[in-house]
Amino acid sequence: MRPEDVPGLPEGVPERLQSEGIEELYPPQAEAVEAGVTEGESVLASVPTASGKTFIAELAMLSSVQRGGKALYIVPLRALASEKKAEFERWEEFGIDVGVSTGNYESSGEWLSSRDIIVATSEKVDSLIRNNAGWVSDLSCVVADEVHLVNDGHRGPTLEVTLGKLRKINAGLQVVALSATVGNAEEVAEWLDATLVQSEWRPIDLKMGVHYGNAISFDDGSQREVPVGKGGRQTSALVADTLDEDGSSLVFVNSRRNAEAAAKRLKDVTAEYLTGEERSELAELAQEIRDVSDAETSDTLANCVAKGAAFHHAGLASEHRRLVEEAFRARSVKTVSATPTLAAGVNTPSRRVIVRDWQRYDGEFGGMKPLDVLEVHQMMGRAGRPGLDPYGEAVLLAKDSETRDQLFERYVWADAEPVRSKLAAEPALRTHLLATVASGFAHTREGLLEFLDRTLYATQTDEPGRLERVTDTVLRYLEANGFVEMDGDDISATAIGHTVSRLYLDPMSAAEIIDGLRWGADHREEKLRALEGVSDADARRAASDAEEEADESGGFQRASEMVSTGDEEGAESAEPIETDRTYPTALGLFHLVSRTPDMYQLYLKSGDRETYTEECYEREPELLGSVPSEYEDVRFEEWLSALKTARLLEDWTREVDEDRITERYGVGPGDIRGKVETAQWLLGAAERLAGELDLSSAVAVREAKKRVEYGVRDELLDLAGVRGVGRKRARRLFEAGIETRNDLRQADKSVILAALRGRRKTAENVLEAAGRRDPSMDDVDESEADVPEATFERASERTEGGGDDADDPQEQASLGDFG
DNA sequence: ACTATTAATGTATAGACAGCATGTC
DNA sequence: CTATACATTAATAGT
């Protein structure tokens, strides 16, 4: 089938496709068109990765808009939203507007209702439905990308319920579901009332195989000799072998540490193959990576990248990830060792994919658990760059012939598992039942059950009555916590229930927050009294901490870090501002939101149990709730890991350097970012709840939220709110005597200029943002700045350990990252 | 006695969505 | 109840 044979497309589109080089549709695409995707028919396309699934969706959306409709494209990750948007924007010349809506980004300009194609995550769509976004009922076509994710226990139910709601709101809605090849595609298609288009066809051939001994055996019976050499490392040999043919490779491993370790080893392999030009290109990239963050991870990554290897995992800052992905696509980075992040994320094809680890530790399982076939197939599907490679190679590694046979059996020959709905789990139903009631999809128990009956879960349950039972349990929970009211058969959401639903909170999180804030209000006087003594104890502890660190640190670098910490915490004890004025304290609130099911908690390492047990009793007066008994193992442990998370957030708001935080909590820069973002969201929700329930803590919550947002102590809140001023500049200004926004308007310009390290343009922007009448720095003399410059040097040493020669863009990098 | 190699022991384990109101150099 | 890779430390062999 050729583009001009496709019915229903806007005029000019087939010509445009031909100019893009599309002469002939891929077989699955043609099949989808025959099934009527461009004529409003629902279709489930279950085909391998990278075989033109998105194009099927595009055809459907274009034809739907052509008929006067509006399309929604649901993506599984925020990072994919912008990628898809950019892809769809090439249709703008045909009068098609594209908009994006995710938690952190919304298309500016016109309202989404004026857009023809909207790209959003499933959670965002769910949220928009809960908040009655008008355009939702105008939809004529919805695309669900990676629909097999309904199998995911955490996020699957949202996709499932959202699709159900969209179809209920809009009878006759065309559903185009895109899925990897799964075991029960028919069943999924049936659920969606869609025609199934299933195919194993790929635009580039994929050879799957297992490496064992000195050769890879492929599924087509062929063999390729790849001797392991003296190092005995299969991965190194395979990467070198690919490089001999000028190809890149992607290595999937099962932990962050392994990803980093593998990259460190592989850099010695890749270094051999670099040209001089590549070297200098990579050196530049390495510097960019270092500039993203001053954490150790950043340095390690830069060192690897300089030699042509990289690692990729969720502990990296998103900027890091982007740089690595881009460099890999541009082929300057020769190999990337990655955790599964990369298999799910943006498109990063590679000549050869090496699935080194096919088992992963699973705490619940209690050991190493083999990965799902689907997951391994996703990784292997990254092999082969369209138009560049003759074929892709995906290789598993085996140490003995037995494992080799087992791997062939388990992954190479095997079909993917069936997709199974995870909707009947309590946490999922808690959220979705409340939302279903609150947004008026059902107002009786029967109505709820009827709605649930249309989900995938209902079509595949083998345990009749289970859904009904869990529904009743959840309804009782929601009623007991005051989120719904039941009057006979009638169920309605309370005011607070509506709020919780709209805030997109797990009702259990909301309950925890409300309980905590109320508990705080009840114990306010008593706790404030207990806190009187705390600032001294706190100071003593801080001082002894600093000494300890001084003892164990040798060498120049450590010593300088030590100085910075000691000084910084010393400053704190001199001026105990956090614990004596407000209640609840920031730590108390951080702990509260951290023990919520919406916060992914930090893992307690060995020794942490003791550390945080001690910390817990010291800071007990600040915590909003009574400490669980140490004998209640699980509850106590959760309490402690929430405390650890809270301490990380507290450090962040005490202006502790990023690299100190990563070191202290054993996390990466990306994790800090994630925690900060989540805390910001939850504190925002807490503020709303406190306001709605008339709790006096709303002000304290707001301040804690602001402090997390800017990453500063409270005395900098005013300054950090000025555009162009982040935690570092605010601190400098403050130390130079500029303490408020008003000071920025009034103070001597030379002082300000000096605090901003003599950067005139920056200073002007800052002054303008602060509303100063005469922001110009033209008449300010460099020499006048001499005296305050000295003041500033001291200030800089105090907060940053001195010796910080960072350029403006560098300082701002971390700001932008976290802001 | 001292270093190089190896064995024993310890340790840690993937990922990432959402409110609201505006805007980084 | 289940594993594995890496890092660190202790033990052993070799010089």
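Just so it is clear, the structure is predicted and the values come from calculations on it, not from any experiment. Scope of the values below: all heavy atoms of this structure, side chains included, with no hydrogens, waters or symmetry mates.
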Need one value for [X]: base, sugar-phosphate or nothing, where a base atom within 4.0 Å counts as base even if backbone is also close, heavy atoms only.
| X | answer |
| --- | --- |
| Thr102(A) | sugar-phosphate |
| Leu77(A) | sugar-phosphate |
| Arg265(A) | sugar-phosphate |
| Lys124(A) | sugar-phosphate |
| Asp152(A) | base |
| Arg356(A) | sugar-phosphate |
| His154(A) | base |
| Tyr361(A) | base |
| Ala314(A) | sugar-phosphate |
| Arg723(A) | sugar-phosphate |

[X], nearest nucleotide to its side chain (from [options]):
| X | options | result |
| --- | --- | --- |
| Lys605(A) | dG19(B), dA12(B), dA18(B) | dA12(B) |
| Tyr504(A) | dC17(B), dA14(B), dG19(B) | dG19(B) |
| Tyr603(A) | dG15(B), dG19(B), dA12(B) | dA12(B) |
| Arg729(A) | dA16(B), dG19(B), dC25(B) | dC25(B) |

Whole-Å gap separating [atom2] ([N]) and [atom1] ([X]):
| X | N | atom1 | atom2 | answer |
| --- | --- | --- | --- | --- |
| Met599(A) | dA16(B) | CE | C1' | 13 Å |
| Arg155(A) | dG15(B) | CZ | C1' | 9 Å |
| Asp608(A) | dT11(B) | CG | P | 12 Å |
| Trp358(A) | dA14(B) | CH2 | P | 18 Å |
| Arg321(A) | dA16(B) | CZ | P | 5 Å |
| Glu709(A) | dT24(B) | CD | C1' | 13 Å |
| Arg702(A) | dG19(B) | CZ | C1' | 13 Å |
| Glu106(A) | dA18(B) | CD | P | 11 Å |

Next item on the list: Indicate the atoms forming the closest heavy-atom contact of Gln234(A) with Ala398(A), along with that distance.
Entry: NE2-O, 3.0 Å
Check: Please, what dot-bracket string fits DNA chain C when only Watson-Crick and G-U pairs with both distances under 3.5 Å count, crossing ones use [ ] and pairs to another strand use |?
Finding: ..|||||||||||||
Please determine, by modelled atom types, if [X] and [Y] share a side-chain donor-acceptor pair under 3.5 angstrom.
| X | Y | result |
| --- | --- | --- |
| Ser421(A) | Glu160(A) | yes |
| Asp145(A) | Tyr73(A) | yes |
| Asp400(A) | Thr403(A) | yes |

Less than 4.0 angstrom from a charged side-chain N to a carboxylate O is my criterion; do [X] and [Y] meet it?
| X | Y | result |
| --- | --- | --- |
| Glu709(A) | Lys706(A) | yes |
| Lys675(A) | Asp671(A) | no |
| Glu677(A) | Arg673(A) | yes |
| Glu260(A) | Arg257(A) | no |

Item checked: Residues which pass side chain to side chain donor-acceptor pair (under 3.5 Å) with Thr102(A), listed by chain and number, not counting sequence neighbours -> Asn104(A)
Checklist line | By side chain to side chain donor-acceptor pair (under 3.5 Å) - contacts of Lys422(A) (at least two apart) | finding: Asn151(A)
Next item on the list: Determine whether more than 12 heavy atoms belonging to other residues, nucleotides or ligands lie under 6.0 Å from atom CD of Glu692(A).
Entry: yes
Quick one: is [X] getting a side-chain N or O under 4.0 Å of the [N] phosphate, OP1 or OP2?
| X | N | value |
| --- | --- | --- |
| Ser127(A) | dG19(B) | yes |
| Arg78(A) | dA18(B) | yes |
| Thr121(A) | dA18(B) | yes |

Margin query: Strictly by Watson-Crick or wobble contacts shorter than 3.5 Å, is anything paired with dA21(B), and which nucleotide is it?
Written below: none
Next item on the list: Between Val722(A) and Ser606(A), just flag the one whose closest nucleotide in DNA chain B comes earlier from the 5' side.
Entry: Ser606(A)
Margin query: Can you work out whether Asn131(A) or Pro76(A) has the more 5'-proximal nearest nucleotide on DNA chain B?
Written below: Pro76(A)
Notebook entry, point to check: Quick one: does Gln601(A)'s side chain get under 4.5 Å of Arg595(A)'s, heavy atoms only?
Noted result: yes
Item checked: Pairwise side-chain contact, Thr678(A) with Tyr600(A), heavy-atom cut-off 4.5 Å (strictly under) -> no
Item checked: Atom P, compared across dA5(C) and dA14(B): separation rounded to whole Å -> 15 Å
Checklist line | Given DNA chain C, 5'-ward residue of the pair Phe365(A) and Lys399(A), judged by closest heavy atom | finding: Phe365(A)
Notebook entry, point to check: From the 5' end of DNA chain C to its 3' end, which nucleotides mark the outer limits of contact with chain A, defined by a 4.0 Å heavy-atom distance cut-off (strictly under)?
Noted result: dT2(C) to dC6(C)
Next item on the list: Applying side-chain contact (heavy atoms from CB on, under 4.5 Å), name anything that partners Glu687(A), two or more places apart in sequence or on another chain.
Entry: Val701(A), Arg702(A), Lys705(A)
Notebook entry, point to check: Is there a residue in residues 250-264 of chain A whose heavy atoms reach under 4.0 Å of DNA chain C, and which residues are they?
Noted result: Arg257(A), Asn258(A), Ala261(A)
Check: May Trp681(A) be described as stacking on the base of dA18(B), applying a 5.5 Å centroid limit and a 30° limit on plane angle?
Finding: yes
